[in-house]
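Notes for the one structure printed next.
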Amino acid sequence: MTQKSARGGAGMRIGRRALLAGSAQAALLGLLPVAARASSARIDGLIARMTIAEKAGQLSCFNDEIRPVGAVFNPVVDPRGADAMLADIRAGRVGMLFNGYGVAGARRAQAAALKSRLGIPLVFAADVIHGCRTIFPIPLAEAAAFDPELSERAARAVAEEASAGGLHWTFAPVVDVARDQRWGRVAEGAGEDVLLNRQLAAARVRGFQGADLRRADSLLATPKHFAGYSAVRGGMEYAAVDMSVAELRETYLPPFAAGFGAGAGATIASFTDFNGVPATANRWLLTDVLRGELGFAGVCVSDYDADRELIAHGVASDEADAARLAMLAGVDVSMQSGFYNKYLPGLVESGKVPMARVDEAVRRVLALKEALGLFDDPFRSLDAGAEKRRTATPAIRAVAREVATRSIVLLRNEGDLLPLPRKGKRIALIGPFGADKANLNGPWSFAGDAKDGIDLATGIRALLDAPLVVEAGSGVHEPLAGGITRAVAAAKGADVVLLAIGEAGDMSGEGNSRAEITVPAAQQALAEAVAATGTPVVVLLKSGRALALEGAVREAPALLCTWFLGEQTGAAVADVLFGVREPTGRLPVSFPLATGQQPWSYDRRSTGRPAPNSDPMEPGRSHWRDAPDRALFPFGSGQGYTRFALAELHVPARVTQGQAVEVRVVVTNAGARRGEAFVRADIHDRVASRTRPVRQMKAYARVPLDPGERRVVTLAIPYAELALVAADGQWRVEPGAFDLWVGAGDEELHSQFEAA
C-alpha cells in the first residue's frame with residue numbers, strides 16, 4: 001500500500017454533499033445546521049410594539065423564587081423573593097425562569113406574565129441533568145451502556161416526567177468531551193471519546209425534545225457548554241482553556257454539531273475563557289464558530305451570572321461594559337445577573353449596542369417560545385392532573401432501573417468470583433455506602449428525594465436468601481471509632497465481602513474538581529484492613545469520574561464500577577451481583593494508573609519516541625519516571641460473565657470517497673453463559689499532515705449471543721470518518737494507509753486498508 005503524502009495539500013478535500021451522505025459525519029463536521037426559523041408575523045408584530053425595556057426583559061432569565069426546589073446549585077445572586085419576582089414578571093422584566101419545579105407555582109407565574117402589557121408568556125427551564133423527581137444514573141454512567149437508543153429512551157422518560165412538573169426546557173445534555181478526570185463535571189457528560197459523545201448528544205436531544213416541540217411532554221434541549229469548557233487548566237473548575245483551533249474542531253465541536261443537527265434549539269456559553277477571551281465575551285466563538293461554522297440558529301444563553309464574571313476575568317471595566325461585551329459577542333439571554341435589564345436600554349441609546357443586535361436576540365427568544373407552542377397555549381405543561389399521573393410512575397422507574405443495570409461495568413473478575421449464589425455463602429457488606437441513601441443520586445439530582453432511593457443493602461437483601469451482615473467500617477472521609485475492628489470481624493466471618501467505597505455525591509459535579517482522584521484515605525485504610533483478612537473482596541466502586549485506584553482496591557479480585565446510579569442503585573447492583581442480569585457496561589473514561597497522568601485519553605496523539613508495548617518503561621522513551629504511558633483500565637474496558645472469540649476478520653483493501661470501510665468479523669460466545677459481546681473497531685491514520693491519535697474508535701456493536709453461538713458482525717465506517725483537520729486548517733481525507741483493530745473483550749485482531 002502506498003503511504004500518503006505528509007503535505008497538507010496532498011489529500012482529497014471532502015465536499016459538503018459527500019459529508020451529508022452520512023448523518024453522523026454531517027454532525028461531526030458541523031455541516032448539518034439547525035434550520036433557520038423564519039420569523040412569523042406574530043413575532044414581527046411584537047418586536048415592532050416592544051420598548052427597549054421590554055426587549056431587555058425577554059432577554060433576562062432568573063432563578064425561580066416562586067417555586068424553589070430547595071437545592072442550591074449556584075452562589076446566591078440578587079435574591080428578591082416571590083412577590084418581587086411576580087411584580088417584575090407583570091412589568092415585563094422577565095423572559096424565563098429556571099430551576100423551579102411544580103405546576104401550581106408555574107401557573108401563578110405564567111398568569112402574572114399574561115398580565116404584562118404585551119402578555120408574552122414565560123418559558124420555564126431547569127438543569128434536568130439525569131432525572132427530575134425520578135433520579136437516573138449520572139450521564140457518565142449512562143454513557144457506559146454505549147447504547148444511543150437506551151439514552152434516547154431515558155431522555156424521553158425524563159422529559160415526560162419533568163414536563164409534567166411544569167418545565168419546558170432542560171439545560172442538558174452536557175456534551176463536553178472530558179479527558180481530565182480531576183474535573184468534577186466529567187460526571188455530567190459522556191466521557192473522553194468523540195464518537196460516543198456525538199452519538200449520545202444527538203440521542204439525548206431527540207429524547208428530550210420528542211417528535212414535536214409543541215407537545216406537552218417535550219423539553220427543549222440545550223447542548224452545553226460552548227465550547228472547550230472541559231479542557232480547563234489542571235482540571236480546575238472555571239479555570240482557563242488554551243487549545244489549538246484544530247483541537248477545538250476535531251474534538252470539542254463535533255458533539256455540539258451532533259446535538260444541533262438533531263434539532264436542539266439552545267446552547268449555553270462556557271464559564272471559562274477560551275484562548276484568553278472569556279466565552280461570554282468571545283465573538284469569534286459565539287458568532288463566527290457557533291453561528292457561522294455550525295449554522296446554529298437557536299438561542300445562546302450565558303451561564304449563571306457569567307456576564308458579571310467578565311469583570312473578574314479582567315475584560316470588562318464595569319457592569320454595563322460586561323453587558324455590552326456579552327451582547328455583542330452573541331449571548332442572547334443573560335442568566336441571573338439582571339445586567340440586560342439594567343444596562344441594555346442605556347447601551348442602545350448611547351449607540352454602544354445596535355438595536356438590530358438586540359432585535360436579533362429577541363427574535364430568537366420569541367421564536368423559541370413560538371416553537372414550544374406557548375403563544376397558543378401559555379399553560380402548556382402546566383396541568384396538575386398530568387403532574388400526578390406522570391411523576392414517579394412504575395414505568396419511569398423501570399427505565400431508570402434498566403439504565404442503572406446497563407451502566408454497571410465489571411472491570412475484574414478473577415476466578416469467576418461473580419456472579420454470587422443467592423444462597424449458601426455468608427456475605428458481608430462493608431463500607432460507608434452499604435446502607436447509605438444520601439449519596440445514591442450524585443450531583444445535580446434536582447428535584448429528587450434521596451429517601452426514595454434503594455440502597456445497596458436493601459437491594460441485596462431482596463435477592464439474597466441468607467442473612468446479610470452490614471458494617472460501615474468508616475465514614476466517607478473520616479474513620480469511625482471501632483469501625484475497622486467491626487469491619488474486620490465481619491469480613492472474617494464471611495465467605496465474600498462486598499466493599500462499598502468511593503466518592504460521596506458532593507465530590508463530583510460542578511465546583512468539585514479534585515487535585516487527587518483517589519479513594520479517600522479513611523476508606524482506603526478500611527479496604528486494606530478488610531483485604532488483609534484473606535476473605536475474597538468484591539469492590540463496589542461509587543464515583544462520578546474515573547479514579548486512580550491504589551493498593552487493596554486496585555488489586556481486589558473483583559471490581560464493579562457502579563458510578564452514581566440514582567434511585568434504583570441497590571436493585572441494579574444486586575441484579576448484576578447475583579447474575580439476574582449480565583454486566584454489559586464498558587468504560588467511557590480511562591481509569592489512570594495515577595492522578596499525575598491527567599489529562600489522559602486512549603486516543604492521545606502519537607509521539608516521536610513511543611515506548612514499545614513489550615517494554616513500556618524503556619529508557620529514553622515516552623513515559624513518566626514512575627509510570628508508563630498507559631491506563632490501568634483504558635476506555636472501553638469491561639467484561640461480562642462469559643468470554644468471546646474473534647475470527648475471520650475481513651477488511652476491504654481500498655476505499656474511495658462515497659464508500660464505507662465495511663469490516664466483517666466472526667464473533668463466538670466461547671463461554672458457558674449467554675452474554676453480550678461489545679465489538680469495536682479502532683483506526684490509526686499512519687501518515688498525515690498533522691499527528692494523529694494512536695487509535696480512535698470509529699464503530700461498535702453490541703451482540704447478544706448464547707453459549708457456543710457464532711455470528712458474523714459487520715461494522716461500517718463511513719469514508720468521511722477518516723477525515724482530519726489538516727495542517728492548512730481544512731477538513732479532508734488524506735489518501736494512504738490506515739491501521740484497523742477489531743476487539744471484543746480480551747480478543748483483538750489487526751488489519752489495514754488504504755483510503756484513496
Distance, nearest 0.5 Å, that separates [atom1] of [X] from [atom2] of [Y]:
X	Y	atom1	atom2	answer
Thr391	Ile396	OG1	CD1	8.0 Å
Cys61	Met96	SG	CE	5.5 Å
Leu97	Gln110	CG	CD	9.0 Å
Ser218	Trp169	OG	CH2	13.0 Å
Phe633	Leu411	CZ	CG	5.0 Å
Asp193	Thr251	CG	OG1	10.0 Å

I need the minimum non-hydrogen distance between [X] and [Y], along with the two atoms involved.
X	Y	answer
Ser230	Tyr252	OG-CE2, 3.4 Å
Ala269	Asp303	O-CB, 3.7 Å
Ala159	Gly207	CB-O, 4.2 Å
Val205	Pro173	CG2-CD, 4.1 Å
Thr222	Thr267	CG2-CA, 3.5 Å
Leu368	Val123	CD2-CG2, 4.3 Å

Are the side chain of [X] and the backbone N or O of [Y] linked by a donor-acceptor pair below 3.5 Å?
X	Y	result
Arg380	Leu372	yes
Ser302	Met335	yes
Ser407	Ala141	yes
Arg291	Gly298	yes
Lys698	Glu721	yes
Arg406	Ala404	no
Lys369	Leu374	no
Gln209	Ala221	yes
Glu152	Arg206	no
Ser163	Ala216	yes

Inspect the contact between [Y] and [X] and indicate whether a charged nitrogen and a carboxylate oxygen are less than 4.0 angstrom apart.
X	Y	answer
Lys224	Asp127	yes
Arg182	Asp180	yes
Asp575	Arg401	yes
Arg702	Glu582	no
Arg185	Glu510	yes
Arg156	Glu160	yes

For this session: Start with the C-alpha distance between Leu541 and Leu560, add both sets of side-chain angles, then the distance that settles side-chain contact (heavy atoms from CB on, under 4.5 Å), and finish with yes or no.
Result: CA-CA 6 Å; Leu541 186 67; Leu560 279 170; over 6 Å; no
Angle class for the [X]/[Y] ring planes (parallel below 30°, perpendicular above 60°, tilted otherwise)?
X	Y	result
Phe98	Phe171	tilted
Phe678	Tyr700	tilted
Tyr229	His225	perpendicular

Exercise. Can you check side-chain contact (heavy atoms from CB on, under 4.5 Å) on Glu161 and Leu167, steps first, answer last?
Worked result: CA-CA 9 Å; Glu161 182 179 71; Leu167 294 173; over 6 Å; no
Do the side chains of [Y] and [X] get nearer than 4.5 Å, heavy atoms only?
X	Y	result
Pro592	Gln598	yes
Leu59	Ser334	no
Glu567	Thr134	yes
Leu290	Leu285	no
Trp444	Val128	no
Thr562	Thr569	no
Leu196	Pro588	yes
Ser601	Phe635	no

Exercise. Given Pro139, which of Leu200, Ile129, Val174 fulfils the side-chain contact (heavy atoms from CB on, under 4.5 Å) condition?
Worked result: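 One option only clears the test, and that one is Ile129.
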Exercise. Can you name the one residue among Ile408, Leu440, Thr405 that meets side-chain contact (heavy atoms from CB on, under 4.5 Å) with Leu565?
Worked result: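 Looking at Ile408, Leu440, Thr405, the match for Leu565 under the side-chain contact (heavy atoms from CB on, under 4.5 Å) is Ile408.
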Problem set entry | Polar contact flag, side-chain donor to acceptor under 3.5 angstrom, Ser151-Glu142 |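 There is such a pair between these side chains.
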Exercise. Can you check salt bridge (charged side-chain N to carboxylate O under 4.0 Å, His left out) on Asp217 and Arg390, steps first, answer last?
Worked result: CA-CA 10 Å; Asp217 63 358; Arg390 302 208 314 256; 5.8 Å; no
Exercise. Under the 6.0 Å and 45° cation-pi test, does Arg680 pair with Tyr602?
Worked result: yes
For this session: Determine, for Phe124 and Arg67, whether the Lys NZ or Arg CZ falls below 6.0 Å from the six-membered ring centre while staying within 45 degrees of the axis.
Result: yes
Problem set entry | Arg695 atom CZ, over 12 foreign heavy atoms within 6.0 Å | yes
For this session: List the steps, then state whether side-chain contact (heavy atoms from CB on, under 4.5 Å) holds for Asp288 with Glu293.
Result: CA-CA 7 Å; Asp288 296 351; Glu293 291 189 27; over 6 Å; no
Problem set entry | Residues Glu188, Asp176; criterion side-chain contact (heavy atoms from CB on, under 4.5 Å); working and verdict | CA-CA 9 Å; Glu188 298 175 39; Asp176 299 306; over 6 Å; no
For this session: For Arg179 and Asp603, run salt bridge (charged side-chain N to carboxylate O under 4.0 Å, His left out): C-alpha distance rounded to whole Å, both residues' side-chain angles, the deciding distance at 0.1 Å, then the answer.
Result: CA-CA 10 Å; Arg179 272 99 190 268; Asp603 59 349; 2.7 Å; yes
For this session: Check step by step if salt bridge (charged side-chain N to carboxylate O under 4.0 Å, His left out) holds for Asp506 and Arg514.
Result: CA-CA 11 Å; Asp506 62 0; Arg514 296 182 62 192; over 6 Å; no
Exercise. Below 6.0 angstrom between ring centroids: does that apply to Phe136 and His130?
Worked result: no
Problem set entry | Residues forming a side chain to side chain donor-acceptor pair (under 3.5 Å) with Glu387, sequence neighbours excluded |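 Not a single residue meets the side chain to side chain donor-acceptor pair (under 3.5 Å) criterion with Glu387.
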